[in-house]
Number of protein chains: 2
Amino acid sequence: MPKNDFESRKEKILELIIENYINDALPISSRAISRRLRRALSPATIRNVMADLEDAGFITHPHTSAGRVPTDKGYRRYVNVLMQAKLLTEVEKKRIDESFKGKFEEIDDVIINTSRLLSSIAEEAGLVTFPTLEKGAFRHIELVEVDKDKILAVLMTKSGLVKNIIIEFEKPLKKGDLNKITNFLNTRFHGISLRNAKKAITQQLLIERDAFFYILDETKGMIDLILAAIKGERVYLEGASKIIMQPEFRNLDKIEVLLRALENPQVLSSIVKKSLDSEGVGIYIGKEIEVDQLRDCSLVVCDYTIEKDHLGVLGIIGPKRMPYARIVSLVDYVSKTLSEILG
Amino acid sequence: MPKNDFESRKEKILELIIENYINDALPISSRAISRRLRRALSPATIRNVMADLEDAGFITHPHTSAGRVPTDKGYRRYVNVLMQAKLLTEVEKKRIDESFKGKFEEIDDVIINTSRLLSSIAEEAGLVTFPTLEKGAFRHIELVEVDKDKILAVLMTKSGLVKNIIIEFEKPLKKGDLNKITNFLNTRFHGISLRNAKKAITQQLLIERDAFFYILDETKGMIDLILAAIKGERVYLEGASKIIMQPEFRNLDKIEVLLRALENPQVLSSIVKKSLDSEGVGIYIGKEIEVDQLRDCSLVVCDYTIEKDHLGVLGIIGPKRMPYARIVSLVDYVSKTLSEILG
DNA sequence: TTTAGCACTCTTAACCTTAGAGTGCTAAAT
DNA sequence: ATTTAGCACTCTAAGGTTAAGAGTGCTAAA
């Protein structure tokens, strides 16, 4: 038997081991694999192959007389080369589409719906960040006086995202001044990205300083505040209870570590940072997440966008033993759908 | 010994049993109580009293040879008559005050901060609803055209809460019409409560129908949408992981039931409804919560307000074995502080 | 009324034991 | 040169037993 076939047999067996383990959460015995191959190979042969796979680091066994379980390296190989995408069923797609049909009054409702959807279809924890306006294009700003020394800025991006910011001033602004600033911003900056707005706006402001000379500082301060406010990053996570149903987490200490981690803003934010690296759907297995408390978990993430501008991130957190083929399709589809809805 | 003293001794012992149990999470033996009374009474005597308390339904024992634990009725008596408020320490108060000192750009940040604070001081789950605008007074509305057939309504209450609502129209409105509606709303309805706004506005609209005759329907529809949008009720809950640390929840099945319940919007909303009944700080013990999945928990809640108008609810969920004396003070103080901050 | 004394109950942890699953190795079979 | 049967060996998980300890309830004496 040529080398190639030999290698491909190994791969096949690795694939079977991993898929079986993902399904049953039990170590896989040589006999089980032999049966799956319709006895084309005897358990003894499988055992030899398994020993090779173990030497190569793709599988391991919890103790001498137990079957095999995948290692991180095994899962990695599985998602990289063995797994073939398992498309969502029409029923699932329909369910996702339907769930976005409802009326959403606020962006929060959309985000919550999305994360609930992810968690409930995947039966894992679903994670969605609130969209950032940073990459959005400036469309309209409205400055409303709410007090002598307080204004409400309502900022809207081209894609229709809205943010309210309340700004306090030391000395009150005159109504005319507010209008002047509003007009200035709306006419000069229509369409430019908020991320680049600061430099552009302050420059332009200096050019037109004559018109603004006595409110220049206030105007600049206000712009700073507005741009600072849109940087905030918030994550919504739902379905931690789904994870603890998984056999590998039926253990109080593990649950405790996991729940604590998922409640920790730093952990969430480092997860989100990680996700930014990936093009398309990103898969992080165990220690690849680089969060110690999540070393028994995997993360499948994807960003969502408006007109190719990054808005936020969504994904699934669950045990490493996760039906990647399905989850990847799910995350991909939901991210596309969300992007469309917001667009 | 007169009847009174006899009764008060019973109460004292009940109090000791409950406080011990709250501290240690272990059934309390007659010997332990005797020791706590500096042997003023022998264990045998205590046992007699305990038998009475058990007959009266205040305590029970898990099995023949175990010490006593409080029943719901016992806890109820404790919080109603035995417990004396345990004020927060200055350090704790300071911590709460400090945590509200930061800059909050959005109301969401305030709510999240509050619930995190509750959860972290109480070492239980903290719960805060987002403020409803319903009871707030109308202050200002701004209607901004964002598309031919889409407008953004920015609604602000007297107390400074802001809500954005995006409204779509079948046929486009003219710019002049928008201004007309904006002016109408801002001049005629300044100061009236949003809850009563609908009737008042539609009535007034009919009186002035001549001015609006060709956009009457659109105007009415828009008002309906705006008022519907402010009804939404959202709850933020943090610290479920704190509950599962408690000895009575060191059990996978219980944790599962609990986490599922706390992720269930219906459960949360029925908790919030409950809270509306109570004047000041409300305490609900076990089945009093009227949510079967939470029959082993207690709920301590209080509403928060602006100028005596109800805005929302905050509180603590934890095991029935909860340091009520401390938690009540905490919930009370945080609710007052939050009310002040928002005012 | 209170308390000492004591039999009784029940839980918990520790320790065995055993069945069963699965491996690794060796030697025979293909 | 592989593949496979056979078998000894290992480890887990479940069940059973035991003993210690904590606490009660009752009775009879103080």
Side-chain angles (χ1 to χ4, degrees), chain A residues 1-10 12-14 16-17 20-21 24-56 58-71 74 247-248 250-252, chain B residues 1-10 12-14 16-17 20-21 24-56 58-71 74 247-248 250-252:
Chain A
M1 195 183 265
K3 179 89 188 282
N4 251 12
D5 281 13
F6 181 70
E7 283 303 313
S8 87
R9 190 179 75 180
K10 249 161 95 169
K12 182 69 193 165
I13 288 174
L14 177 56
L16 285 176
I17 292 173
N20 263 278
Y21 186 67
D24 307 342
L26 296 169
I28 313 302
S29 72
S30 49
R31 251 191 90 227
I33 296 295
S34 168
R35 222 183 305 120
R36 281 296 234 103
L37 291 170
R38 301 242 204 70
R39 319 237 169 228
L41 295 169
S42 78
T45 312
I46 303 291
R47 278 204 288 281
N48 288 329
V49 180
M50 280 174 153
D52 291 349
L53 286 169
E54 181 154 3
D55 285 345
F58 295 116
I59 55 179
T60 184
H61 48 198
H63 57 85
T64 348
S65 79
R68 298 314 209 286
V69 300
T71 59
E248 48 269 75
R250 304 245 91 201
N251 168 309
L252 286 163
Chain B
M1 196 182 263
K3 180 88 189 282
N4 251 11
D5 280 13
F6 180 70
E7 283 304 312
S8 88
R9 189 178 79 179
K10 247 158 104 169
K12 182 68 192 165
I13 288 174
L14 178 56
L16 284 175
I17 292 172
N20 262 278
Y21 186 68
D24 307 343
L26 297 169
I28 313 302
S29 73
S30 50
R31 249 191 91 226
I33 295 296
S34 168
R35 220 183 307 120
R36 281 295 234 100
L37 291 171
R38 301 245 204 68
R39 319 240 169 224
L41 295 168
S42 77
T45 311
I46 303 291
R47 278 204 288 281
N48 288 330
V49 179
M50 280 173 155
D52 291 349
L53 286 169
E54 181 154 3
D55 285 345
F58 295 117
I59 55 180
T60 183
H61 49 200
H63 57 84
T64 348
S65 79
R68 298 314 208 286
V69 300
T71 59
E248 47 269 74
R250 302 246 93 202
N251 169 309
L252 287 163

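What you see below is based on every heavy atom in this structure, not just the backbone, and it leaves out hydrogens, waters and symmetry mates. Residue numbers start from 1 in every chain, and the chains themselves are labelled A, B, ... in the order their sequence lines are given, proteins ahead of strands.
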Interatomic distance where [atom1] belongs to [X] and [atom2] belongs to [N] [whole Å]:
| X | N | atom1 | atom2 | answer |
| --- | --- | --- | --- | --- |
| B:N48 | D:dG23 | CG | P | 18 Å |
| A:R35 | C:dA21 | CZ | P | 11 Å |
| A:I59 | C:dG24 | CD1 | C1' | 14 Å |
| B:I17 | D:dT24 | CD1 | C1' | 13 Å |
| B:I46 | C:dA4 | CD1 | C1' | 15 Å |
| B:L26 | C:dC10 | CG | P | 20 Å |
| A:R39 | D:dT3 | CZ | C1' | 16 Å |
| A:E54 | C:dT23 | CD | P | 10 Å |

Which of these nucleotides, [options], is closest to any side-chain atom of [X]?
| X | options | result |
| --- | --- | --- |
| B:H63 | D:dT3, C:dC10, C:dT2 | C:dC10 |
| A:L41 | C:dC10, C:dG22, D:dT4 | D:dT4 |
| A:S65 | D:dG25, C:dT23, C:dA21 | C:dA21 |

ask   = Just by distance, do the side chain of A:T71 and the backbone of A:T60 share a donor-acceptor pair under 3.5 Å?
value =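 No, because the side chain of A:T71 does not come within donor-acceptor range (under 3.5 Å) of the backbone of A:T60.
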
key: Under 3.5 Å: donor-acceptor pair, side chain of A:S34, backbone of A:L41   =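 Checked: pair present.
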
Phosphate oxygens OP1/OP2 of [N]: is one of them under 4.0 Å from a side-chain N or O of [X]?
| X | N | answer |
| --- | --- | --- |
| B:R47 | C:dA4 | no |
| A:S42 | D:dT4 | yes |
| B:S30 | D:dT24 | yes |
| B:R68 | D:dG25 | yes |
| A:T64 | D:dC11 | yes |

ask   = Given the rule in the side chain to side chain contact (heavy atoms under 4.5 Å, CB included) test, do B:I33 and B:S30 qualify, once you have shown the distances and angles that lead to the verdict?
value = CA-CA 5 Å; B:I33 295 296; B:S30 50; 5.9 Å; no

inquiry  = Looking at C:dA19, which nucleotide sits across from it as a Watson-Crick or G-U wobble partner, both distances under 3.5 angstrom, or is there none?
reply    = D:dT12

note = Checking N1-N3 plus N6-O4 or O6-N4 for Watson-Crick, or N1-O2 and O6-N3 for wobble, each under 3.5 Å, the partner of D:dT27 is C:dA4

ask   = Can you tell me how far CZ of A:R47 sits from OG of A:S29, rounded to the nearest 0.5 angstrom?
value =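 The distance works out to 9.0 Å.
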
message = Show, in sequence, the C-alpha distance, side-chain angles and deciding distance for B:V69 and B:I28, and conclude whether the side chain to side chain contact (heavy atoms under 4.5 Å, CB included) test is met.
response = CA-CA 7 Å; B:V69 300; B:I28 313 302; over 6 Å; no

